[in-house]
Amino acid sequence: MEYQAALGLALPLGLGAAALGCGIGIGMAVNGAMHAMGRQPEVLGKIQTAMIIGAAFIEALTIYALVIAFVLAGKIQ
Amino acid sequence: MNKAARFWLLAVVLLALVCVAAAAPQHDTEQASKTQIQAASEAPDTTAEAHDEHGVPTEGAHEEHYELPNFMMYIHAFNREAIDGWLAGINANLPPLLHIKWLNIENLTYCLIVIALLSAMSISGTRRRALRPTSRLYIFLETMTVSLHDFFAQVLGSETRKYIAFVGTLFVYILCLNLFGLIPLMKSPTSVWGINFAMALCVFLYVQYTAVVRNGFLGYIKHLVGEPWWLFPLMVPLHIIEELIKPISLSLRLFGNILGEDTLLAVFAGLIVLIPGVLNLPLQFPFMFLAMLFSTIQALIFSTLAAVYIALMLPHEEHAT
(Lines give C-alpha, C1' and ligand atoms only; values in the text may rest on other atoms or scores of the structure.)
Protein backbone atom coordinates (compact mmCIF):
# COMPACT_ATOMS: atom_id res chain seq x y z
CA MET A 1 0.00 0.00 0.00
CA GLU A 2 1.32 3.40 -0.86
CA TYR A 3 1.73 5.76 2.04
CA GLN A 4 -0.67 8.28 0.53
CA ALA A 5 -3.42 5.67 0.45
CA ALA A 6 -2.60 4.63 4.00
CA LEU A 7 -2.76 8.23 5.17
CA GLY A 8 -5.99 8.88 3.28
CA LEU A 9 -7.58 5.89 4.95
CA ALA A 10 -6.16 6.41 8.40
CA LEU A 11 -6.67 10.14 8.92
CA PRO A 12 -10.49 10.21 8.82
CA LEU A 13 -10.70 6.95 10.73
CA GLY A 14 -8.35 8.21 13.44
CA LEU A 15 -10.16 11.52 13.69
CA GLY A 16 -13.45 9.66 13.95
CA ALA A 17 -12.10 7.41 16.69
CA ALA A 18 -10.83 10.44 18.63
CA ALA A 19 -14.17 12.19 18.23
CA LEU A 20 -15.98 9.03 19.38
CA GLY A 21 -13.99 8.81 22.61
CA CYS A 22 -14.25 12.51 23.34
CA GLY A 23 -17.96 12.45 22.60
CA ILE A 24 -18.49 9.74 25.18
CA GLY A 25 -16.30 11.63 27.66
CA ILE A 26 -18.05 14.96 27.21
CA GLY A 27 -21.42 13.23 27.34
CA MET A 28 -20.58 11.71 30.71
CA ALA A 29 -19.25 15.00 32.04
CA VAL A 30 -22.27 17.00 30.93
CA ASN A 31 -24.59 14.28 32.22
CA GLY A 32 -23.09 14.59 35.69
CA ALA A 33 -23.14 18.37 35.57
CA MET A 34 -26.77 18.46 34.48
CA HIS A 35 -27.77 16.13 37.33
CA ALA A 36 -25.91 18.30 39.80
CA MET A 37 -27.48 21.48 38.42
CA GLY A 38 -30.93 19.98 38.61
CA ARG A 39 -30.43 19.00 42.22
CA GLN A 40 -28.76 22.18 43.36
CA PRO A 41 -29.73 25.12 41.14
CA GLU A 42 -28.19 27.56 43.63
CA VAL A 43 -24.61 26.60 42.68
CA LEU A 44 -25.40 26.55 38.97
CA GLY A 45 -22.71 29.05 38.02
CA LYS A 46 -19.89 27.18 39.71
CA ILE A 47 -20.91 23.85 38.22
CA GLN A 48 -21.18 25.41 34.79
CA THR A 49 -17.69 26.88 34.97
CA ALA A 50 -16.20 23.62 36.13
CA MET A 51 -18.10 21.73 33.45
CA ILE A 52 -16.87 24.03 30.68
CA ILE A 53 -13.27 23.71 31.86
CA GLY A 54 -13.56 19.94 32.03
CA ALA A 55 -15.18 19.78 28.62
CA ALA A 56 -12.34 21.91 27.25
CA PHE A 57 -9.77 19.45 28.61
CA ILE A 58 -11.62 16.52 27.05
CA GLU A 59 -12.19 18.30 23.79
CA ALA A 60 -8.50 19.17 23.52
CA LEU A 61 -7.79 15.50 22.79
CA THR A 62 -9.89 15.62 19.63
CA ILE A 63 -8.22 18.87 18.71
CA TYR A 64 -4.80 17.21 18.95
CA ALA A 65 -6.03 14.58 16.50
CA LEU A 66 -7.36 17.36 14.26
CA VAL A 67 -4.01 19.18 14.35
CA ILE A 68 -2.17 15.97 13.47
CA ALA A 69 -4.66 15.45 10.64
CA PHE A 70 -4.00 18.96 9.32
CA VAL A 71 -0.24 18.41 9.48
CA LEU A 72 -0.38 15.03 7.76
CA ALA A 73 -3.02 16.04 5.21
CA GLY A 74 -0.35 18.12 3.49
CA LYS A 75 1.57 14.93 2.74
CA ILE A 76 -1.24 13.44 0.65
CA GLN A 77 -0.51 14.81 -2.79
CA MET B 1 -39.07 54.07 19.76
CA ASN B 2 -39.90 51.61 22.49
CA LYS B 3 -37.65 48.90 23.79
CA ALA B 4 -39.05 45.96 21.83
CA ALA B 5 -38.96 47.79 18.52
CA ARG B 6 -35.38 48.80 19.15
CA PHE B 7 -34.45 45.19 19.97
CA TRP B 8 -36.04 43.86 16.80
CA LEU B 9 -34.41 46.55 14.70
CA LEU B 10 -31.05 45.58 16.16
CA ALA B 11 -31.76 41.89 15.56
CA VAL B 12 -32.73 42.51 11.93
CA VAL B 13 -29.65 44.64 11.32
CA LEU B 14 -27.41 41.98 12.88
CA LEU B 15 -29.04 39.24 10.83
CA ALA B 16 -28.60 41.30 7.65
CA LEU B 17 -24.94 41.81 8.53
CA VAL B 18 -24.49 38.09 9.03
CA CYS B 19 -26.20 37.39 5.71
CA VAL B 20 -23.89 39.84 3.96
CA ALA B 21 -20.93 38.23 5.67
CA ALA B 22 -22.09 34.81 4.57
CA ALA B 23 -22.80 35.79 0.98
CA ALA B 24 -20.04 38.28 0.25
CA PRO B 25 -16.95 36.08 -0.13
CA GLN B 26 -18.67 33.53 -2.30
CA HIS B 27 -17.62 35.02 -5.64
CA ASP B 28 -13.96 34.73 -4.86
CA THR B 29 -14.21 31.42 -3.09
CA GLU B 30 -15.73 29.74 -6.12
CA GLN B 31 -12.28 29.54 -7.57
CA ALA B 32 -10.05 30.45 -4.70
CA SER B 33 -10.96 27.99 -2.00
CA LYS B 34 -10.64 25.05 -4.36
CA THR B 35 -6.92 25.57 -4.47
CA GLN B 36 -4.27 25.86 -1.83
CA ILE B 37 -3.06 29.02 -0.13
CA GLN B 38 -0.41 29.61 -2.70
CA ALA B 39 -2.81 29.44 -5.63
CA ALA B 40 -5.67 31.05 -3.73
CA SER B 41 -3.61 34.15 -3.20
CA GLU B 42 -3.77 34.91 -6.90
CA ALA B 43 -6.26 37.49 -8.05
CA PRO B 44 -9.61 35.90 -8.96
CA ASP B 45 -9.32 36.58 -12.69
CA THR B 46 -5.85 35.10 -12.97
CA THR B 47 -6.40 32.07 -10.79
CA ALA B 48 -6.75 29.53 -13.57
CA GLU B 49 -3.65 30.50 -15.51
CA ALA B 50 -1.54 31.07 -12.45
CA HIS B 51 -2.35 27.65 -11.12
CA ASP B 52 -1.33 26.07 -14.41
CA GLU B 53 1.84 28.08 -14.47
CA HIS B 54 2.88 26.97 -11.03
CA GLY B 55 1.84 23.42 -11.78
CA VAL B 56 2.13 21.25 -8.72
CA PRO B 57 2.59 23.61 -5.77
CA THR B 58 6.13 22.70 -4.81
CA GLU B 59 6.36 25.31 -2.07
CA GLY B 60 5.56 22.58 0.41
CA ALA B 61 6.70 24.56 3.43
CA HIS B 62 3.15 25.81 3.86
CA GLU B 63 0.55 23.63 5.39
CA GLU B 64 -2.00 23.19 2.66
CA HIS B 65 -5.54 23.81 3.76
CA TYR B 66 -8.64 25.55 2.60
CA GLU B 67 -9.00 29.19 3.47
CA LEU B 68 -11.39 32.00 2.71
CA PRO B 69 -9.79 34.90 0.83
CA ASN B 70 -8.59 37.91 2.79
CA PHE B 71 -7.40 41.29 1.63
CA MET B 72 -3.74 40.72 2.43
CA MET B 73 -3.81 37.82 -0.05
CA TYR B 74 -4.89 40.24 -2.75
CA ILE B 75 -2.16 42.72 -1.86
CA HIS B 76 0.32 39.88 -2.25
CA ALA B 77 -1.26 38.70 -5.48
CA PHE B 78 -1.19 42.10 -7.15
CA ASN B 79 2.40 42.92 -6.16
CA ARG B 80 3.80 39.42 -6.17
CA GLU B 81 7.26 40.12 -7.64
CA ALA B 82 7.90 43.24 -5.59
CA ILE B 83 6.89 41.66 -2.27
CA ASP B 84 8.67 38.36 -2.89
CA GLY B 85 11.83 40.21 -3.86
CA TRP B 86 11.61 42.39 -0.80
CA LEU B 87 11.10 39.39 1.50
CA ALA B 88 13.95 37.50 -0.17
CA GLY B 89 16.21 40.49 0.39
CA ILE B 90 15.33 40.55 4.08
CA ASN B 91 15.60 36.79 4.50
CA ALA B 92 19.08 36.71 2.95
CA ASN B 93 20.47 38.40 6.07
CA LEU B 94 18.57 36.26 8.57
CA PRO B 95 19.26 32.78 9.95
CA PRO B 96 16.89 30.15 8.50
CA LEU B 97 14.83 29.90 11.68
CA LEU B 98 13.88 33.58 11.56
CA HIS B 99 12.86 33.70 7.91
CA ILE B 100 9.88 35.96 7.34
CA LYS B 101 7.06 34.69 5.16
CA TRP B 102 4.18 36.73 3.83
CA LEU B 103 1.85 34.66 6.01
CA ASN B 104 3.48 36.03 9.16
CA ILE B 105 3.03 39.62 7.99
CA GLU B 106 -0.58 38.82 7.12
CA ASN B 107 -1.44 37.51 10.57
CA LEU B 108 0.39 40.27 12.38
CA THR B 109 -1.48 42.85 10.34
CA TYR B 110 -4.82 41.47 11.47
CA CYS B 111 -3.59 41.33 15.08
CA LEU B 112 -2.52 44.96 14.86
CA ILE B 113 -5.87 45.99 13.36
CA VAL B 114 -7.69 44.33 16.27
CA ILE B 115 -5.33 45.90 18.78
CA ALA B 116 -5.83 49.33 17.23
CA LEU B 117 -9.63 48.97 17.27
CA LEU B 118 -9.71 47.79 20.89
CA SER B 119 -7.29 50.47 22.06
CA ALA B 120 -9.22 53.20 20.28
CA MET B 121 -12.44 51.95 21.84
CA SER B 122 -11.05 51.82 25.37
CA ILE B 123 -9.25 55.15 25.16
CA SER B 124 -12.17 57.06 23.69
CA GLY B 125 -14.63 55.27 25.99
CA THR B 126 -12.86 56.04 29.25
CA ARG B 127 -11.87 59.60 28.45
CA ARG B 128 -14.72 61.14 30.43
CA ARG B 129 -15.29 58.99 33.48
CA ALA B 130 -17.98 59.99 35.92
CA LEU B 131 -20.17 58.54 38.63
CA ARG B 132 -23.20 59.07 36.42
CA PRO B 133 -21.74 58.52 32.97
CA THR B 134 -23.41 59.99 29.92
CA SER B 135 -21.37 58.21 27.27
CA ARG B 136 -22.94 54.96 26.06
CA LEU B 137 -19.57 53.49 25.17
CA TYR B 138 -18.41 54.02 28.75
CA ILE B 139 -21.50 52.28 30.10
CA PHE B 140 -20.92 49.40 27.72
CA LEU B 141 -17.28 49.05 28.77
CA GLU B 142 -18.21 49.25 32.44
CA THR B 143 -20.92 46.59 32.07
CA MET B 144 -18.49 44.34 30.26
CA THR B 145 -15.84 44.77 32.93
CA VAL B 146 -18.26 44.12 35.76
CA SER B 147 -19.68 41.00 34.15
CA LEU B 148 -16.18 39.68 33.42
CA HIS B 149 -15.25 40.41 37.03
CA ASP B 150 -18.27 38.48 38.27
CA PHE B 151 -17.44 35.58 36.00
CA PHE B 152 -13.79 35.30 36.97
CA ALA B 153 -14.69 35.70 40.65
CA GLN B 154 -15.96 32.11 40.46
CA VAL B 155 -12.39 30.99 39.82
CA LEU B 156 -10.17 33.56 41.49
CA GLY B 157 -12.33 34.40 44.50
CA SER B 158 -11.21 37.38 46.54
CA GLU B 159 -8.10 37.91 44.40
CA THR B 160 -10.08 38.79 41.29
CA ARG B 161 -9.35 42.51 41.36
CA LYS B 162 -5.62 41.85 41.06
CA TYR B 163 -5.76 39.57 38.03
CA ILE B 164 -8.88 40.70 36.18
CA ALA B 165 -6.83 43.05 34.01
CA PHE B 166 -4.79 40.21 32.57
CA VAL B 167 -7.44 37.53 32.08
CA GLY B 168 -10.17 39.95 31.06
CA THR B 169 -7.94 41.48 28.39
CA LEU B 170 -7.09 38.01 27.17
CA PHE B 171 -10.79 37.23 26.84
CA VAL B 172 -11.70 40.38 24.92
CA TYR B 173 -8.65 40.18 22.67
CA ILE B 174 -9.09 36.52 21.77
CA LEU B 175 -12.82 36.97 21.23
CA CYS B 176 -12.18 39.81 18.79
CA LEU B 177 -9.44 37.85 17.01
CA ASN B 178 -11.72 34.83 16.63
CA LEU B 179 -14.71 36.80 15.41
CA PHE B 180 -12.55 38.78 12.99
CA GLY B 181 -12.54 35.83 10.60
CA LEU B 182 -16.28 36.16 10.03
CA ILE B 183 -15.91 39.62 8.49
CA PRO B 184 -15.51 39.41 4.70
CA LEU B 185 -11.93 39.86 3.50
CA MET B 186 -10.63 39.41 7.04
CA LYS B 187 -9.07 36.41 8.73
CA SER B 188 -8.77 35.04 12.25
CA PRO B 189 -5.11 35.36 13.22
CA THR B 190 -5.75 32.73 15.91
CA SER B 191 -5.92 30.08 13.16
CA VAL B 192 -2.12 30.16 13.18
CA TRP B 193 -0.24 28.41 15.95
CA GLY B 194 2.41 31.09 16.50
CA ILE B 195 0.01 33.82 17.59
CA ASN B 196 -1.67 31.51 20.11
CA PHE B 197 1.65 30.23 21.39
CA ALA B 198 2.79 33.79 22.01
CA MET B 199 -0.29 34.41 24.16
CA ALA B 200 0.09 31.08 25.94
CA LEU B 201 3.74 31.91 26.61
CA CYS B 202 2.61 35.18 28.19
CA VAL B 203 0.25 33.20 30.42
CA PHE B 204 3.03 30.76 31.34
CA LEU B 205 5.50 33.52 32.25
CA TYR B 206 2.87 35.46 34.19
CA VAL B 207 1.83 32.35 36.14
CA GLN B 208 5.43 31.53 37.07
CA TYR B 209 6.06 35.16 38.03
CA THR B 210 2.91 35.19 40.18
CA ALA B 211 3.93 31.94 41.85
CA VAL B 212 7.39 33.23 42.76
CA VAL B 213 6.12 36.61 43.95
CA ARG B 214 3.20 35.31 45.99
CA ASN B 215 4.78 32.23 47.54
CA GLY B 216 8.37 33.36 47.74
CA PHE B 217 11.11 31.32 46.12
CA LEU B 218 11.07 28.64 48.86
CA GLY B 219 7.34 28.32 48.57
CA TYR B 220 7.69 27.86 44.84
CA ILE B 221 10.22 25.06 45.36
CA LYS B 222 7.90 23.54 47.96
CA HIS B 223 5.07 23.61 45.44
CA LEU B 224 7.27 21.82 42.93
CA VAL B 225 8.28 19.15 45.47
CA GLY B 226 4.71 18.35 46.45
CA GLU B 227 3.09 16.89 49.52
CA PRO B 228 5.18 13.95 50.84
CA TRP B 229 8.60 15.51 50.42
CA TRP B 230 10.45 12.21 50.10
CA LEU B 231 8.74 11.58 46.76
CA PHE B 232 10.60 14.51 45.20
CA PRO B 233 12.62 12.51 42.62
CA LEU B 234 9.29 11.57 41.08
CA MET B 235 7.29 14.72 41.71
CA VAL B 236 9.71 17.46 40.64
CA PRO B 237 10.06 16.25 37.02
CA LEU B 238 6.34 15.60 36.88
CA HIS B 239 5.49 19.11 38.04
CA ILE B 240 8.00 20.68 35.67
CA ILE B 241 6.61 18.71 32.74
CA GLU B 242 3.10 19.72 33.78
CA GLU B 243 4.03 23.38 33.78
CA LEU B 244 5.67 23.09 30.37
CA ILE B 245 2.73 21.19 28.86
CA LYS B 246 0.25 23.88 29.93
CA PRO B 247 1.09 26.56 27.34
CA ILE B 248 1.35 23.99 24.56
CA SER B 249 -2.07 22.48 25.24
CA LEU B 250 -3.57 25.94 25.79
CA SER B 251 -2.37 27.21 22.42
CA LEU B 252 -3.03 24.01 20.48
CA ARG B 253 -6.63 23.91 21.67
CA LEU B 254 -7.40 27.41 20.45
CA PHE B 255 -5.45 26.88 17.22
CA GLY B 256 -7.17 23.62 16.35
CA ASN B 257 -10.64 24.93 17.06
CA ILE B 258 -10.33 28.13 15.08
CA LEU B 259 -8.47 26.49 12.20
CA GLY B 260 -11.07 23.74 12.04
CA GLU B 261 -13.93 26.20 12.05
CA ASP B 262 -12.36 28.43 9.37
CA THR B 263 -11.58 25.39 7.24
CA LEU B 264 -15.19 24.23 7.60
CA LEU B 265 -16.46 27.61 6.40
CA ALA B 266 -14.06 27.62 3.46
CA VAL B 267 -14.88 24.04 2.45
CA PHE B 268 -18.59 24.75 2.44
CA ALA B 269 -18.03 27.99 0.55
CA GLY B 270 -16.13 25.97 -2.02
CA LEU B 271 -19.05 23.55 -2.33
CA ILE B 272 -21.25 26.37 -3.69
CA VAL B 273 -20.05 25.67 -7.24
CA LEU B 274 -21.38 22.13 -7.05
CA ILE B 275 -24.97 23.37 -7.15
CA PRO B 276 -25.98 23.82 -10.78
CA GLY B 277 -27.86 26.91 -11.87
CA VAL B 278 -27.54 30.61 -11.35
CA LEU B 279 -28.67 30.54 -7.73
CA ASN B 280 -25.55 30.55 -5.53
CA LEU B 281 -26.72 29.59 -2.09
CA PRO B 282 -24.38 30.57 0.76
CA LEU B 283 -23.87 27.02 1.97
CA GLN B 284 -21.54 28.06 4.77
CA PHE B 285 -24.24 30.22 6.33
CA PRO B 286 -25.42 27.79 9.08
CA PHE B 287 -21.83 27.16 10.09
CA MET B 288 -21.22 30.83 10.76
CA PHE B 289 -23.46 30.55 13.81
CA LEU B 290 -21.45 27.53 14.89
CA ALA B 291 -18.30 29.58 14.32
CA MET B 292 -19.63 32.42 16.48
CA LEU B 293 -20.49 29.97 19.26
CA PHE B 294 -17.09 28.27 19.13
CA SER B 295 -15.25 31.59 18.99
CA THR B 296 -16.91 32.73 22.19
CA ILE B 297 -16.43 29.43 23.98
CA GLN B 298 -12.78 29.17 23.01
CA ALA B 299 -12.06 32.72 24.17
CA LEU B 300 -13.85 31.91 27.43
CA ILE B 301 -11.90 28.69 27.89
CA PHE B 302 -8.52 30.26 27.17
CA SER B 303 -9.04 33.05 29.69
CA THR B 304 -10.70 30.80 32.27
CA LEU B 305 -7.83 28.34 32.09
CA ALA B 306 -5.37 31.20 32.51
CA ALA B 307 -7.34 32.23 35.61
CA VAL B 308 -7.33 28.63 36.87
CA TYR B 309 -3.57 28.35 36.41
CA ILE B 310 -3.12 31.57 38.36
CA ALA B 311 -5.52 30.39 41.08
CA LEU B 312 -3.62 27.11 41.44
CA MET B 313 -0.45 29.04 42.22
CA LEU B 314 -1.95 31.33 44.86
CA PRO B 315 -0.68 30.54 48.36
CA HIS B 316 -3.94 30.15 50.27
CA GLU B 317 -5.11 27.28 48.09
CA GLU B 318 -4.58 24.13 50.14
CA HIS B 319 -4.55 21.39 47.57
CA ALA B 320 -2.07 19.01 46.01
CA THR B 321 -1.93 19.62 42.30
Side-chain angles (χ1 to χ4, degrees), chain A residues 2-8 10-23 25-30 32-34 36-37 40-77, chain B residues 36-38 55-67 147 150-157 191-193 196-197 200 245-264 267 293-294 296-309 311-312:
Chain A
E2 288 194 15
Y3 81 95
Q4 285 102 334
L7 271 181
L11 280 183
L13 281 180
L15 202 52
L20 179 73
C22 288
I26 288 188
M28 284 165 76
V30 174
M34 288 289 157
M37 279 184 216
Q40 286 181 304
E42 63 271 10
V43 285
L44 195 142
K46 274 188 179 172
I47 296 174
Q48 216 165 22
T49 315
M51 182 192 82
I52 287 177
I53 293 169
F57 277 125
I58 300 168
E59 189 210 35
L61 303 175
T62 317
I63 297 302
Y64 297 151
L66 183 68
V67 170
I68 297 291
F70 273 128
V71 170
L72 290 184
K75 297 208 191 301
I76 310 175
Q77 279 293 328
Chain B
Q36 288 97 7
I37 296 179
Q38 212 54 32
V56 181
T58 45
E59 302 96 330
H62 285 297
E63 290 170 39
E64 286 127 4
H65 53 81
Y66 290 81
E67 197 179 30
S147 44
D150 288 350
F151 179 77
F152 286 116
Q154 292 170 4
V155 179
L156 287 165
S191 61
V192 178
W193 187 54
N196 302 336
F197 190 64
I245 285 289
K246 273 175 187 175
I248 294 174
S249 86
L250 201 59
S251 56
L252 271 185
R253 178 181 303 121
L254 183 60
F255 158 70
N257 266 292
I258 304 302
L259 181 64
E261 146 201 318
D262 281 2
T263 312
L264 189 73
V267 166
L293 185 72
F294 277 176
T296 319
I297 290 181
Q298 287 313 312
L300 197 70
I301 283 171
F302 195 100
S303 48
T304 312
L305 282 181
V308 168
Y309 294 156
L312 284 178

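Because only heavy atoms are used, hydrogens play no part in the values below, and waters and symmetry mates are left out as well, while side chains stay in. A note on names: the letters A, B, ... follow the listed sequences, proteins ahead of strands, and every chain is numbered from 1.
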Taking all heavy atoms of [X] and all of [Y], pick out the closest pair and write down the distance.
| X | Y | result |
| --- | --- | --- |
| B:G260 | A:L66 | CA-CD2, 4.2 Å |
| B:R253 | A:A60 | NE-CB, 3.5 Å |
| A:Y64 | B:S249 | OH-CB, 2.9 Å |
| A:V67 | B:G256 | CG2-CA, 4.1 Å |

Audit row: A:I63, B:F255, side-chain contact (heavy atoms from CB on, under 4.5 Å) steps and yes/no: CA-CA 9 Å; A:I63 297 302; B:F255 158 70; over 6 Å; no
Non-neighbouring partners of A:T62 that pass side-chain hydrogen bond (donor to acceptor under 3.5 Å, both in side chains), sequence neighbours left out: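 Applying side-chain hydrogen bond (donor to acceptor under 3.5 Å, both in side chains) to A:T62 gives none.
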Residues that B:A299 engages under side-chain contact (heavy atoms from CB on, under 4.5 Å), provided they are two or more places apart: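 Partners of B:A299 under the side-chain contact (heavy atoms from CB on, under 4.5 Å) test: B:F171, B:I174, B:L175, B:N178.
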Pairwise distance CD(A:E59) to CZ(B:F294) - rounded to 0.5 angstrom: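 Result: 6.5 Å between the selected atoms.
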Side chain to side chain, B:L305 and A:I53, heavy atoms closer than 4.5 Å: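 With C-beta onward as the side chain, the pair touches.
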A:I52 versus chain B, the contacting section by heavy-atom distance below 4.5 Å: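 The answer is both parts of A:I52.
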B:L252 versus chain A, the contacting section by heavy-atom distance below 4.5 Å: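 When you check distances to chain A, atoms from both the backbone and side chain of B:L252 fall under 4.5 Å.
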Atom CD of A:E2 with >12 non-hydrogen neighbours under 6.0 angstrom: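 Atom CD in A:E2 is not packed in, count stays at 12 or less.
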